[in-house]
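Working notes, structure below.
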Amino acid sequence: MTMPQSPASDALARRYPQIRLPRLTLGSFPTPVERLPITPGGSSLWVKREDLAGQRYGGNKVRKLEYLLAAHQGRPLLTIGASGSHHILATALYGRQVGCPVYGVMAPQPQSPHVDANRALMESLLAGWLDVPTRLLIPWGMVQLRLRLRRQGLPSPVDIPAGGSNPTGCLGWVAGGLEIAEQIQAGLLPEPDQVWLPLGSGGNAAGLLVGLRLAGLSTRVMAVRVVEYPLTSGAAARLLAHRILRLLRAQGVSPPPRFHLGGLEVVNGYIGAGYGHATAAGSAAARRAHAELGLELEGTYTAKTMAACLETLQASPSALTALFLNTANSRPLPSPAPGAP
Ligand SMILES: Cc1ncc(COP(=O)(O)O)c(C=O)c1O
């Protein structure tokens, strides 16, 4: 087992050294910011390369797992998601690295080579899993899997919610928001009017909102719906942001004067037939991103978000500065784990 290196501080620890919550170093932060060579509707577009967040596997979950896995190091974990879930894959990969066996309950999603590759790697990393025929049966699947582990005399796993989106996991994205503020301060990018990202379970958007506002930035968080209402919603993301803030206050963090948690906008109209279904607009945006921007996007989250971002900027009456969070891993997938079940 490779243990993480000594924990270098993240932007949250740099700003609030009083925080006593454990954190592991799994990724390489700060993730780079780059200006993209297009100006849709006269706006300038920047990208934050979260796809490069981890050496072994990048993407939006690495920050969350630094806090989540530290909180439960050495314990078995049970998490849930779609059959090609980036979250389950990242949790299983980094969980194995820090001695947490990870179990998964998975619901079907439309097939694609990306989903199939994720699934194959996931199966080699998970300690066990159960497939359920629809998302509605995930709670039933969790009970069944727990009963199976009990019958086998195995320890009861800790529940990790979909997307790793509880207040502890979301601290990673509070750090992400503060990291953007540090990069603005260092002159690496101008202060954006908007940050664009997908709205899945809502944890990234909630954590980012808290981080940006703690840094005193009023950048709007443009969260593109990729999961159907009411499984995800702006109200749920805002509630989660308040729960994150409560956790931070309990750690001695005092928000700055005129602090507010406004400015989270849910962008509808890009989900198409549903979660995981490719859309024509998303596929066109992914082709453009590949050809003109050198970015590899996938169909469930990042392609739909780029489509929404480009169309909104193109139609904007005024020129804006926008930052696109490239939230899906772009590293080559690691080889399947040896001794896979
Ligand atoms: C590539 C990618 N982007 C964005 C998200 C959404 O993050 P959240 O579930 O915190 O809204 C996910 C969730 O799994 C993801 O895999």
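Computation of the quantities below employed the complete heavy-atom set of this structure, encompassing side-chain atoms and omitting hydrogens, waters and symmetry-equivalent molecules. Order of listing sets the numbers, starting from 1, for every ligand and every atom in it.
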Tell me if a side-chain donor or acceptor on Glu66 pairs with a main-chain N or O of Gly27 at a distance below 3.5 Å. yes

For Gly203, atoms of ligand 1 separated by under 4.0 Å from a heavy atom: 8 (P), 10 (O), 11 (O)

If we ignore hydrogens and angles and just use 3.5 Å, is the side chain of Ser316 paired with the main-chain N or O of Thr312 as donor and acceptor? no

Would the distance check show the side chain of Asp51 and the main-chain N or O of Ala328 forming a donor-acceptor pair, the cut-off being under 3.5 Å? no

Show your working on salt bridge (charged side-chain N to carboxylate O under 4.0 Å, His left out) between Glu182 and Arg15 and close with a plain yes or no. CA-CA 10 Å; Glu182 285 183 351; Arg15 187 162 177 121; over 6 Å; no

Apply side-chain contact (heavy atoms from CB on, under 4.5 Å) to Ala107 and list each qualifying residue two or more places apart in sequence or on a separate chain. Val132, Arg135, Ile138

Within-cut-off N or O pair, His87 and ligand 1, under 3.5 Å: no

Considering heavy atoms of the protein only, find what lies nearest to atom 2 (C) of ligand 1 and give residue, atom and distance to 0.1 Å. Asn60 ND2, 3.1 Å

Output the list of atoms in ligand 1 that are nearer than 4.0 Å to some heavy atom of Ala328, sorted by atom number. 1 (C)

Starting from atom 7 (O) of ligand 1, locate the nearest protein heavy atom and write down its residue, its atom name and how far away it is, to 0.1 Å. Asn204 ND2, 3.0 Å

Please list, in number order, the atoms of ligand 1 under 4.0 Å from a heavy atom of Lys61. 7 (O), 8 (P), 9 (O), 10 (O), 12 (C), 13 (C), 14 (O)

Is it the side chain (CB and beyond), the backbone, both or neither of Ser165 that lies under 4.0 Å from ligand 1, heavy atoms counted? side chain

Can you tell me how the ring of Tyr301 sits relative to the ring of Tyr275, calling it parallel under 30°, perpendicular over 60° and tilted otherwise? perpendicular

Going through the checks in order, is the side chain to side chain contact (heavy atoms under 4.5 Å, CB included) test met by Tyr229 and Asn268? CA-CA 10 Å; Tyr229 181 87; Asn268 289 302; over 6 Å; no

Apply side-chain hydrogen bond (donor to acceptor under 3.5 Å, both in side chains) to the pair Asn329 and Lys61, showing each step before the final yes or no. CA-CA 9 Å; Asn329 170 59; Lys61 302 304 176 201; over 6 Å; no

Does some non-hydrogen atom of Pro198 fall short of 4.0 Å from ligand 1? yes

Looking at Ala206, Gly202, Cys170, the heavy atom closest to atom 11 (O) of ligand 1 belongs to Gly202

How does Lys64 reach ligand 1, if at all, at less than 4.0 Å between non-hydrogen atoms: by side chain, backbone, both, or neither? side chain

Closest non-hydrogen protein atom to atom 12 (C) of ligand 1, residue and atom name please, with distance? Tyr301 CE2, 3.3 Å

Are Tyr67 and Asp10 close enough, and set up right, to give a side-chain hydrogen bond (donor to acceptor under 3.5 Å, both in side chains), and what steps lead you there? CA-CA 11 Å; Tyr67 284 92; Asp10 66 355; 2.7 Å; yes

Can you figure out which of Thr305, Val227, Thr327 has its heavy atom closest to atom 3 (N) of ligand 1? Thr327

Of all protein heavy atoms, the one nearest atom 16 (O) of ligand 1 is His86 ND1, 2.6 Å

Are the side chain of Gln109 and the backbone of Gly276 linked by a donor-acceptor contact shorter than 3.5 Å? no

When you compare ligand 1 with Leu199, is there at least one nitrogen or oxygen pair between them that comes in under 3.5 angstrom? no

Proximal candidate to atom 8 (P) of ligand 1 [heavy atom criterion; set Pro161, Ser201, Gly163]: Ser201

